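Read the structure below first, then the notes.
Just follow the structure's listing: the first ligand is 1, and inside any ligand the first atom is 1. None of the values given here were measured: they were computed from a predicted structure.
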Amino acid sequence: MDIIAPVITPFRNGKIDLDLYAEHIRNITAKGVDAVFVAGTTGLGPALSVEERKALLEAAASVARRVIFQIGSLVLDDAVALAKYAERFDAVEAVASVPPYYFPRLSERQIAKYFRDLCAATSRPVYLYNYPAAVGRDVDAKAAREIGCLKGVKDTNENIAHTLAYKRLMPHMKVYNGSDSLVLASFSVGLDGVVASSANYVPEALARLREAVARGDVERARSIQFAIDEILEAARPLGYSSAVYELVEIFQGYDAGEPRPPIYPLDPEEKAWLKAAVAQAKAKLAL
Ligand code: FW2
C-alpha cells in the first residue's frame with residue numbers, strides 16, 4: 001500500500017524554487033513517502049504553465065524513484081506534449097489526468113476520447129485523476145471501464161465505496177483514494193494506497209498509520225487518522241491549498257515557500273492562528 005505525496009509547488013516572488021522542491025521531496029521520501037504526484041491539486045497543477053510543469057517533473061525525477069505526473073489540460077496539445085515529455089524520465093511510472101473541466105456539456109464519449117488520445121500519445125500507463133468536487137463531473141468506475149485504456153485511478157472522493165468500485169470492476173487497475181480523511185479506510189479495505197496531501201507535512205505519521213493497520217492495531221491507526229482530521233478541520237477554512245505550505249513549516253520545521261496568487265498565501269495572523277490550532281494534534285502525533 002503506497003503513500004503517495006501530491007507535492008506542493010513552492011514559489012518565491014512568483015517563481016518556482018526548484019531546489020526547495022527537490023529538497024522537500026528528499027525529506028518526505030526519506031520519511032516514508034513511496035512516490036510523488038507532480039502538478040496535482042496540492043501542486044497547483046492547473047495554475048501552472050507547461051514549462052513550469054516540465055521543470056517540476058525534471059526536478060522530481062532527479063530525486064524520487066517513483067513519480068506520477070499530472071498532465072491534464074484544456075489544451076489537448078499541451079497534455080499530449082507533457083505525456084510525451086514524461087517518457088524521458090525512467091522514474092515516471094504513470095501519467096495522470098483530470099478529465100477536461102469547466103465545460104459541463106461534454107458528453108461521456110467525448111471525455112473517453114480525451115483519455116484515449118492521451119493513451120495513444122504515450123507508452124506510459126495513463127491514470128484517471130477523478131475529482132468531481134473540483135472538476136464538476138464524475139468519471140465513475142463504469143465510465144472509466146468504458147474508456148478501456150486506463151491503468152490506474154486516483155479518486156478524490158469522500159465516499160470509499162465509490163473508490164472501491166474501480167477495484168471491483170477493474171481488479172488489475174491501480175486504485176488510490178485522494179482524500180486525507182480516508183487514509184485509514186483506504187489502507188483497511190486494501191486499496192493500492194493513498195494520494196494524501198498530508199504526506200507533505202506529516203509523512204512519518206502516515207507511515208506509522210500504515211504500520212499500525214498492518215499489525216492490526218486499529219486503535220493506534222485511528223488515533224493518527226483523527227489527529228490528521230483535526231489538522232484538516234483547522235486548515236480548511238483558511239484555504240487549504242495555501243495552508244499546506246504553513247503546515248509543512250509547522251510540522252517539518254522548514255520554510256516551504258508559498259503558493260502563487262490567485263492562490264494567495266496566508267496572512268501573518270492566519271499563520272499564527274493555524275499554528276495554535278494544530279498544536280494539540282502535533283502533540284498527539286509526537287512530531
Ligand atoms: C492532489 C491530491 C490530493 C487532493 C486532495 C484535495 O493532487 O493534490 O486530491 O488533497 O484536497 O491527490
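- Between Phe37 and Tyr129, the ring centre distance stays below 6.0 Å.
- A salt bridge links Asp34 and Arg210; the closest N-O separation between the charged side-chain nitrogens and carboxylate oxygens is under 4.0 Å.
- A salt bridge does not link Asp2 with Lys174: none of the charged nitrogens is closer than 4.0 Å to a carboxylate oxygen.
- In the displayed structure, Gln110 atom CD is contacted under 6.0 Å by more than 12 heavy atoms of other residues, nucleotides or ligands.
- Between the side chain of Ser242 and the backbone N or O of Tyr264, at least one donor-acceptor pair lies under 3.5 Å.
- Counting non-hydrogen atoms of neighbouring residues, nucleotides and ligands closer than 6.0 angstrom, the CZ atom of Arg215 exceeds 12 such neighbours.
- The residues lining ligand 1, counting any heavy atom closer than 4.0 Å, are Pro6, Phe37, Gly40, Thr41, Thr42, Tyr129, Tyr131, Lys154, Thr156, Gly178, Asp180, Val195, Ser197.
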